[in-house]
2 protein chains.
Amino acid sequence: MAVTMNDVAKAAGVSLKTVSNVLNNYEFIRPATRQRVEDAIAELGYEANLTARSLRSGKTSMLGLVLSDLSAPYYAELASKLMDAATKHGYRVLVEQSAAEGAAELNALQGPFRQLTDGLLFTPLSISADAIAERAGTKPLVMLGEHIMDPRFDLVTMKNEEAAAALTSHLLAGGRRRIAVIGATPEESTGTAGLRLNGYRTALKNAGIPFDPALVAPAEWRRDTGAAAVAGLLEAGVEFDAVFGLNDVLALGALHELLIRGVRVPQDVAVAGFDDVDEARFASPSLTTVSPGMDEIAERSMALLLDRIAGRETADAGVHVKAEFQLKIRESAP
Amino acid sequence: MAVTMNDVAKAAGVSLKTVSNVLNNYEFIRPATRQRVEDAIAELGYEANLTARSLRSGKTSMLGLVLSDLSAPYYAELASKLMDAATKHGYRVLVEQSAAEGAAELNALQGPFRQLTDGLLFTPLSISADAIAERAGTKPLVMLGEHIMDPRFDLVTMKNEEAAAALTSHLLAGGRRRIAVIGATPEESTGTAGLRLNGYRTALKNAGIPFDPALVAPAEWRRDTGAAAVAGLLEAGVEFDAVFGLNDVLALGALHELLIRGVRVPQDVAVAGFDDVDEARFASPSLTTVSPGMDEIAERSMALLLDRIAGRETADAGVHVKAEFQLKIRESAP
DNA sequence: CTGAAAGCGCTTACAG
DNA sequence: CTGAAAGCGCTTACAG
C-alpha cells in the first residue's frame, strides 16, 4: 500500500490534522513541528492522494477544455498554450472533442466530465445560450469563441469583425475588387463565420463596393473543403481576384487548389486567411492572414477561469474580453 | 447537495449494495429489483460520483498521454485519434506536454499525473529505459515512439527503418544521388531520428552510393528549424539534389526555404518528408512522404493499454507492435 | 440474489 | 498552534 498521511503523522509524532496543516500551508504552525512533518514526508516518500483530497474537498485540480477537434491547427496550438498555462498554476487539463456536435457539447457540460473538473473552457458550436444556461451548474465556465455572446457568460474572444474588415480593406487597397469568401453562407451574421463575414461586408461598404452573395462559398473549416469550395467557384464560372478563407486551413486548401489549376497567386488571385497558425508562414507563397492574439486569449481565459474558481472574480454578469489582432501581410496578398 | 446512492437506495427500498450492483451491471439481480432501482435513479436524476468511486476502487477511468508538444501536427493528429478511441471505451484522456524535457517526463511517470490515471501512453524522448523501469510502478504503461525499444516495455511504433529506406530508394530511383537529410546528426542511430537515418543509409548502401556525413544536418523538428537547416546547407555550399526531412514539418520548412531562394522543387531539388500529416497533401508542391500508419498506431496502442488495464493481456515481456507504412508519392518528389 | 459494515485517504468544523 | 472525530460517496469482502 501507498504511504498515507496517517503514516506520516505517526512517524512525526503529531496528529493527522497537523500533517494536513503542513501540506496545505497553514500559516500558524510552529517551525519545529513543520520541520518534523516535512522530514517524515521526505523520509517516507509520502505523496498526497489526490482522489481522496478531491472527494473530501470537492476540488479536483483539473480543468476541462472542450473544443471540436484537436487536430485542427488553431485548436492544437491553443490547447498547447492553455495546457502550459494550467500547469504553471498547478492544474491539469482534461480535453474533450465535441466534433461540433450538440450531444457531445451537452455531455461535456453536465456529465462526468464536468464532475471531474473545477472549471471549464468551453467552445460551444452547436448548442444555444439557453441550453447552456440551463445546464451550466455552479462551477465556473468560460466561453471561448463567438458562437455564444451572451451577457450571462464569461467570454474570451477575438476582434473578428474588426480584423476581417482590416484584412478585406488590405485586399481592396491592393486593387482587388471581387473577393471570394470561403467558409460561410451569404446570409450568415453570427458565430465566428458570421462575424468575419460582417467585417468583410463592412469593408466593402466603406469602399463603396456592392456585396455579391455569389462570391460567398460555404464550407466546413478544413483544407480539403477549402480546396473543394474554390474548385466549385471556378467551375461555376464565378469571377474573382482574391480569396478570403475564413480561417487559415480553408485559405491553404484554396491556395493549393488554385495553384494546381494554374492560377497564379498573388498575380491572378490574392489569398488571405485568418488565425496565423505556424503553417501559414511556411506556405508557398506564404499566407497573408490575421494574427488573432492567441497568446492573449490563452492567458486571459485561463486567468479568468482561475479567478472564478478562486472567487477572486465575482462579477455577476459575464466578463467579456477581446484580444488585440494584427495583420500579417505576406506573399499571398502583399 | 447532489443525489447519492443512499438516496437512490431509500427511494427504491433496497440496500446500498443493491444499487451498487445495478450500477456495476452485476449479473444476478432480480429483474424487478433492477427495475425499481433504475426507476429511482431516473426519477432522482442520480449520477455516480466518480471521485468516490475512484477512491474506493482505485480506478480513475482516465488515461494519461505524455508527448512533447501538442501543437506539432503529428502529435495533434495522434492525440485526436487516441481521444476518440478512449471515449469509445469510456475513458477520458489527460494530456501532459513534456517539451522533451527529462524532468517533465519523470514527473509524468511518478507524480500526481500518474496517480490520476489508470494507464499511460508515453512518448519518452529524454529519459532512459532504466530510469523508466525504476519508476514505472505497477500501472500499465505503453510506449509510443522509438526512443525506448526495450523488451521490458510494451511498445507501439512504426517501421521507421524500412519506411525511410523505401522513401530513399524512391528518391534514388528518380535519379537523385546527393540526398540531404534534415533532423539528425550524422552518427545518430537510435531513436526516431537515428532509425530513419539508418533506413536512409541502408538504401544508399543497396544502391552502392557512399554515405556523406556533410549531407546530414541536425535540427529540432519544427518548420523554422527545417528552413534554417536547409539554408545552412546552401550557405555552406553543400551540393544536393534532394532533401529528406525526417518528419513533415522539417520537410515543409525546407521546402519553403528552397522556394524563396529560387530553387525549383522538384526540378532542381526533390523534397520528401515523413508522417503524412494533412498539411503535406496541401502543400505546394504537395509533399512526398511516408504514411506511418497512424490509425493503426492509435488503435493498437489504445487496445494494448486497455488490455493491460483489464488484465486481458498478461505477457510478462513487453508486447511490441509495428504498424504498416505506405509511401505517398506526390509532386515534391515524383 | 441481497444486506450490514467497514474503509479508501483525505479535509473540515469543532474544541481546547 | 494542535488534536479527536466525523464524513465526503462510493466499493468490497463477508454473510446469509
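Quick note on labels: first sequence line is chain A, next is B, and so on, each numbered from 1.
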With respect to the side chain of B/S15, which nucleotide from D/dA4, C/dG3, D/dT11 is positioned closest?
C/dG3
A/K17 has its side chain closest, among D/dT2, C/dG3, D/dA4, to D/dA4
Tell me whether the OP1 or OP2 atom of [N] has a side-chain N or O from [X] closer than 4.0 Å.
| X | N | result |
| --- | --- | --- |
| B/S57 | C/dC8 | no |
| A/S20 | C/dT11 | yes |
| B/N6 | D/dG9 | no |
| A/T4 | C/dC8 | no |

I need the A/T18 OG1 to A/L23 CG distance, nearest 0.5 Å.
11.0 Å
From A/E299 CD over to A/L82 CG, what is the distance, rounded to the nearest 0.5 angstrom?
10.0 Å
Give a yes-or-no answer on whether the side chains of B/S20 and B/N24 include a donor-acceptor pair shorter than 3.5 Å.
yes
What residues from residues 35-56 of chain B pass a heavy-atom cutoff of under 4.0 Å to DNA chain C?
B/L55, B/R56
Could you spell out the base pairing of DNA chain C in dot-bracket, with Watson-Crick or G-U pairs whose two distances are under 3.5 Å, [ ] crossing and | to another strand?
|||.||||||||.|||
Side chain of A/T117, backbone of A/L120: donor and acceptor closer than 3.5 Å?
no
